There are 2 protein chains.
Amino acid sequence: MNKKSATIYDISKKINVSVATVSRALNDHPRISQATKDLVKKTAKEMNYKQNNLAKALKSGETKNVGIIVPFVNTNFFSSVIRGIEEELSPHGYHVIICQSHEDVNIEKRHLNTLLNAQVDGIFMSVSKTTIDTEHIQSILDTTNTPIIFFDRKKDIPGISTIVIDDYRGGYMATEHLIKEGYKNICHFAGDLNLEIYQNRLNGYKQALIDHNFQVKEDNIIITGSSIEEGIDAVKKFWDKKSIPDAIFSSSDFAALGACQELKKRKIKIPQEVAVIGFSNEPFTQFMELPMSSVDQTPVIMGKMAGQVFIESVKENGSGVSIEKKVVLAPQLYIRKSSKRK
Amino acid sequence: MNKKSATIYDISKKINVSVATVSRALNDHPRISQATKDLVKKTAKEMNYKQNNLAKALKSGETKNVGIIVPFVNTNFFSSVIRGIEEELSPHGYHVIICQSHEDVNIEKRHLNTLLNAQVDGIFMSVSKTTIDTEHIQSILDTTNTPIIFFDRKKDIPGISTIVIDDYRGGYMATEHLIKEGYKNICHFAGDLNLEIYQNRLNGYKQALIDHNFQVKEDNIIITGSSIEEGIDAVKKFWDKKSIPDAIFSSSDFAALGACQELKKRKIKIPQEVAVIGFSNEPFTQFMELPMSSVDQTPVIMGKMAGQVFIESVKENGSGVSIEKKVVLAPQLYIRKSSKRK
DNA sequence: TTGTACGCGTTATCAT
DNA sequence: ATGATAACGCGTACAA
């Protein structure tokens, strides 16, 4: 049995028409008689013909593949965004290639290159924490026509469409909620400030304080990563310094979880003595010993929007210049027991 | 500015050598003088030449792409397996395409076809719950050379390598653990028995009972899905029928979670009155009000093993016939408070 | 309505 | 050591 699949040549020989006719019949070209179309399609099915997308791509320049670069795929946030992108693009015939940067800008660069070599039609990405310079991205814009779309973790580069949530607003909402619950001394676990998202959450936090006539105390802001351990450490630092807050707004659910664990260990009551609210609405937050408040980033919707923006940009590419789109989604505040004192 | 990248033709014209020479120089062919190699490589760099993988793939028949089909990507288990596969294959120059079947065999079929059209070098998959017939998979084996690798949710098809955990053993371990903790009337939330994994977990449960001189009571086995709601319903059914168990071994963490919620609502104490143990070791299990015991499937390792098996099968493809590999990983029992009475 | 012939960018097989 | 050219499979402009 020959496992090489049939080509249009094989079909053309079998029924004595030219390859051109076969090709056109298969693509429902208007100027082909219904009779030959039927015959071609029937024999194509019989011979188990499968179109070779490679050859087609080589000719057309479109691979119908897109790439996605994220730090890691097995997080709730990124895998959900990927789900959204896949579901939006799959009906349009696109395949989705995923790459992991491991938060390393050099790996990110390498993936960017290999994706371009693979001729993807577009690249979706959330930059790594170590991505400071953006020349490697800028140069792609300058030397190729491959559109790049940032989601969540963006950089300000003209010509690149972005899909983000309003992190500023998320930070503002969370903080304002704590204020309205009567908390007076709200601290903030800020994330890596190299990333805009964490800058924005911090700024939202600050502005909410200001708008409600609270002082912004720099001592109340601590930089943490997104791990349980760093949340534990942050609590230790605050409580050992005796600059004790009565509420924590963490830019990360995991750090917030660590905080809850350390507070419990110290017999500090949540939410009576200290409120905790996180960010991302990780699945575990609702199942915790004390369900934790959090800000949802609607990641699946973010992915779908990213997909839509890409599809639009591909369509309007008759005009030559593609228009830069900026989509900002609304964050959703989920209030649970960890921050309700009233 | 011309955004079309240079080809080997452009290079050959510029330095007056043939394309063949350029190609060979670029590929470090032994019979090309060092001088020309240097010249070619230098001008290639100058002209910002990028190899067109499409053309190469068309010629060689290898795309260096693999496909993965899973029900959904945004679950901890599947995204972790994907992570493992990506990390294993990326160093070998492969790109990973992800597809979601949404538990629908028809969508699964469609993806299988589009992946083949895209000429992927291999397909990793976990079959959907609605995959009963396997002709569509068998026919790929018969008509193509594209290797298929099952992980976790497999079907018995000769010639297909599989990577699974020992679900039987997982079920056995969980049940035996409950017995040793002194529970006497252990019920089981079985999953969709169309899938082998759930069959095996059930069988492991049964055998553990038998080996410890317990009766296997069919009334103690209930089929549930993998959702919180179905776990709640299952508890309702058991407790309303007055056939009250003192332990639950659930084949799903989410159903187990639902059970915990419903038991709490009914003021039934875990683990004193009823023990609960789940399956999958979802992240949330350790952060629950009462940390829940569970069986870990080591998904990242599963993905890495799947990647390795693929790489091996590609390498040994000089022999023509590829050998079917069956990898069985050991499940890991995580004992937490929800099942410790002693 | 259908056929001929070329090009997409590479690699490989002959030659030389 | 290098060059000319065929092939990979497809779509399409140009002919007929």
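Model, not experiment: these values are computed from the prediction. A note on names: the letters A, B, ... follow the listed sequences, proteins ahead of strands, and every chain is numbered from 1. Quick note: numbers below take in every heavy atom, side chains included, and nothing from hydrogens, waters or symmetry partners.
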Whole-Å distance, A:Leu54 CG to D:dG11 P, equals 13 Å

Does B:Glu46 pair with B:Lys41 as a salt bridge, N-O distance under 4.0 Å? no

Starting at atom NZ of B:Lys59, determine the distance to atom C1' of D:dC8, rounded to an integer number of angstrom. 6 Å

Judged by atom type as modelled, is there a donor-acceptor pair below 3.5 Å linking the side chain of A:Ser128 to the main-chain atoms of A:Pro71? no

At a heavy-atom distance below 4.0 Å, what parts of residues 24-37 of chain A sit against DNA chain C? A:Arg24, A:Arg31, A:Ile32, A:Ser33, A:Thr36

Tell me the interatomic distance from B:Leu39, atom CG, to D:dA1, atom P, rounded to whole angstroms. 16 Å

Listed once per pair and sorted, the ring pair (Phe, Tyr, Trp, His ring centres under 6.0 Å) pairs that draw on residues 11-53 of chain B, sequence neighbours left out: none

In whole Å, I'd like the distance from the CG atom of A:Asn53 to the C1' atom of D:dG11. 13 Å

Please check if the side chain of A:Lys304 supplies one atom and the backbone of A:Arg83 the other of a donor-acceptor pair under 3.5 Å. no

May I ask you to decide if B:Ser23's main-chain N or O and B:Asn27's side chain share a donor-acceptor pair within less than 3.5 Å? yes

So which of residues 43-51 of chain B are in contact with DNA chain C, with a heavy-atom cut-off of under 4.0 Å? B:Tyr49, B:Lys50, B:Gln51

Here the residues of residues 112-120 of chain A within 4.0 Å heavy-atom distance, strictly under, of DNA chain D are none

Atom CD of B:Glu62 and atom P of C:dT11 are separated, to the nearest Å, by 13 Å

Indicate whether the side chain of B:Glu108 and that of B:Thr131 have a donor and an acceptor atom separated by less than 3.5 Å. yes

Using heavy atoms to find the nearest nucleotide of DNA chain C for B:Ala55 and B:Ala20 separately, return the residue whose nucleotide is more 5′. B:Ala55

B:Asp38 CG to D:dT2 P: how many Å, rounded? 11 Å

By the 4.0 Å heavy-atom rule, please label B:Asn16 as base, sugar-phosphate, or nothing. sugar-phosphate

Side chain of A:Val19 (C-beta onward), nearest among C:dT10, D:dC10, C:dA5: C:dA5

Which pairs with one or both residues in residues 112-131 of chain B pass ring pair (Phe, Tyr, Trp, His ring centres under 6.0 Å), sequence neighbours excluded? B:Phe124-B:Phe310

Just jot down the side chain to side chain contact (heavy atoms under 4.5 Å, CB included) partners of A:Asp104, sequence neighbours excluded, or say none. A:Asn106, A:Ile107

Report yes if at least one side-chain N or O of B:Ser23 is closer than 4.0 Å to OP1 or OP2 of C:dT11; otherwise report no. yes

Can you measure A:Lys13 atom NZ to C:dG3 atom C1' for me and round it to whole angstrom units? 16 Å

Given 3.5 Å as the limit, does a donor-acceptor pair link the side chain of B:Lys64 with the main chain of B:His92, or not? yes

If I take atom CG in residue A:Leu58 and atom C1' in nucleotide D:dC8, what distance separates them, rounded to the nearest angstrom? 9 Å

Answer yes or no: is there a donor N or O on one side and an acceptor on the other, between the side chain of A:Ser161 and the main chain of A:Lys325, under 3.5 Å? yes

In terms of the angle between their ring planes, are A:His102 and A:Phe72 parallel, tilted or perpendicular, with boundaries placed at 30° and 60°? tilted

Nearest of D:dT5, C:dG3, C:dT10 to any side-chain atom of A:Thr21? C:dG3

Without swapping roles, check the side chain of A:Asp121 against the backbone of A:Glu62 for a donor-acceptor pair under 3.5 Å. no

